[in-house]
2 protein chains.
Amino acid sequence: MSHVSVAVTVDIVIFALRDNDLQVLLVKRKYPPYQGLWAIPGGYVQANESLEDAAARELREETGISVENPANGAAHPGATVPYIEQLYTFGDPGRDPRGRVITVAYFALVPAPLAIQAGSDASDAEWKPVRSLPRMAFDHAQIVRYALKRLRYKLEYSAVGFQLLPPVFTLSELQRAYETILGETLDKRNFRRRILQAQVIEETGQYQAGEGRPAMLYRFREDAVAEVKARRLFP
Amino acid sequence: MSHVSVAVTVDIVIFALRDNDLQVLLVKRKYPPYQGLWAIPGGYVQANESLEDAAARELREETGISVENPANGAAHPGATVPYIEQLYTFGDPGRDPRGRVITVAYFALVPAPLAIQAGSDASDAEWKPVRSLPRMAFDHAQIVRYALKRLRYKLEYSAVGFQLLPPVFTLSELQRAYETILGETLDKRNFRRRILQAQVIEETGQYQAGEGRPAMLYRFREDAVAEVKARRLFP
DNA sequence: TCAAAAGTGTTTGTGGTACACCCATGG
DNA sequence: CCATGGGTGTACCACAAACACTTTTGA
């Protein structure tokens with residue numbers, strides 16, 4: 001009847017768009033169990049930190065990206081704040097051969113330009129495309145699958161998609177991001193109309209030069225962060 | 001760096017429709033902390049049970065209602081299986097004055113006829129209307145609020161609502177259930193058209209006599225359990 | 001002047017919402 | 001025959017989906 005000893009970890013599925021692909025940050029395990037296999041970053045919850053703090057700490061340790069506490073107001077101008085959200089808690093006995101370990105899984109979205117440095121230096125962390133993930137330790141394959149499902153789902157009725165883009169972006173870049181994540185192509189005219197009607201982005205007045213005609217640069221509207229009320233908002 | 005000792009509990013928000021009202025099952029705490037205050041049922045996760053098993057056990061201990069394992073196929077005919085789903089994991093340090101306790105919260109829906117006996121006998125468990133909840137222990141008020149939000153939300157795009165009704169029911173009963181949970185009135189003709197179009201219920205061929213004209217009895221279609229694809233399905 | 005990407009409107013179908021009366025039964 | 005709750009249809013509007021060409025720039 002009394003309580004048994006269990007360890008609690010926080011694991012975090014970190015998504016980013018890189019090379020026109022949706023990728024996840026994985027770390028290679030140095031020690032048993034599952035030595036040499038890939039895993040999602042995570043670690044034990046410390047005595048005096050909340051679960052959210054633990055997840056933010058893991059994200060910082062693995063990517064160098066800090067999550068500003070929403071309580072402190074918005075980040076410095078131009079900084080896109082990474083998005084973190086609790087995903088699910090996995091606690092089957094036997095999911096960790098060392099004993100009873102329950103993990104609270106989070107998922108995070110980091111904006112494209114920040115993701116370029118993250119995990120690249122020295123360490124044993126690497127970005128892997130979700131299309132072709134390696135064999136993974138523990139039940140981490142299941143956790144990533146679930147995170148991907150949730151990401152796709154939220155894309156349809158909220159504005160999380162913007163969290164994967166740089167502070168300013170073109171509509172074509174935004175559409176490519178959506179197509180990459182959803183794994184399907186979208187109609188350009190319908191996409192643009194819906195996004196603009198939703199009033200979640202605004203023109204910067206700047207243009208981006210490129211191969212063809214220059215494209216208007218847009219930014220995400222801060223006051224549109226709140227999840228959108230009813231219906232699918234985006235394709 | 002190594003892991004600290006934390007206790008893990010499972011708490012469960014149990015909803016039922018009683019007296020034309022949405023109610024939650026609460027237990028009165030016999031010992032400190034928060035002695036005498038109301039709390040949602042819960043307890044420590046045991047060594048060899050999964051989180052789902054722990055939640056099902058709590059539900060059974062508090063209400064006497066067993067959750068059939070979906071792996072074992074459908075329940076015996078006529079038995080409406082209570083619905084259980086993981087809600088969120090709460091783990092702020094300081095949420096329990098005795099030490100670090102992380103709780104994995106679940107929410108459950110039990111069908112009306114079963115709810116009548118549950119918690120009524122002797123024990124310190126009582127059904128309380130969500131409209132007027134008493135002061136509650138720990139962060140349980142927050143947990144119930146969140147569960148209610150999730151329930152209302154899911155009602156709009158899935159078929160969970162049926163889990164609160166008896167195995168057969170009239171369309172008016174179903175509509176009243178929706179109205180009770182959502183806290184708003186719905187148009188009768190639109191409600192009926194949408195529910196019937198969705199093909200989640202079917203006629204039983206039986207009628208229920210009452211004050212006025214007898215009403216067709218319907219049952220929930222087993223093969224419609226899956227969550228529904230796009231759009232709001234129900235009012 | 002050509003390649004490459006940006007940008008732009010209209011039509012058609014479907015689903016949501018608003019709205020008021022007749023029907024079957026028991027007392 | 002009347003009170004009570006059960007049951008039904010239509011018109012309008014908003015939004016989703018399908019669909020192809022013109023514009024601007026750099027090479």
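Here is how names work: the chains are called A, B, and so on, in the same order as the sequence lines, proteins then strands, and each is numbered from 1.
The distance from the OG1 atom of A:Thr180 to the CZ atom of A:Arg18 is 14.0 Å, given to the nearest 0.5 Å.
Residues meeting the side-chain contact (heavy atoms from CB on, under 4.5 Å) test with B:Lys188, sequence neighbours left out: B:Gln175, B:Arg192. Residues satisfying the ring pair (Phe, Tyr, Trp, His ring centres under 6.0 Å) test with B:Tyr218, not counting sequence neighbours, are none.
At a cut-off of 3.5 Å, with distance as the only test, no side-chain donor of A:Glu58 or A:Tyr106 sits close to an acceptor on the other residue.
For B:Arg221 (side chain) and B:Gln199 (main-chain N/O), a donor-acceptor pair under 3.5 Å exists by modelled atom type. Between the side chain of A:Arg135 and the backbone N or O of A:Leu37 there is no donor-acceptor pair closer than 3.5 Å.
At whole-Å resolution of the value, CD in A:Gln175 and C1' in C:dA5 are 12 Å apart. If you take CZ of A:Phe191 and C1' of C:dG9, they are 19 Å apart, rounded to a whole angstrom. The CD-C1' distance, from B:Glu203 to D:dG7, rounds to 12 Å in whole Å. Summarising the geometry, the separation between CD1 on B:Ile195 and P on D:dG6 is reported as 15 Å, rounded to the nearest angstrom.
Residue B:Ser172 has a polar side-chain atom (N or O) positioned under 4.0 Å from OP1 or OP2 of D:dG6. The phosphate of D:dG6 (OP1 or OP2) has no side-chain N or O of B:Arg192 nearer than 4.0 angstrom.
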Legend entry - Under 4.0 Å protein heavy-atom contacts per nucleotide of nucleotides 18-27 of chain D, with B for base, S for backbone only and - for none: BBB--BBB--
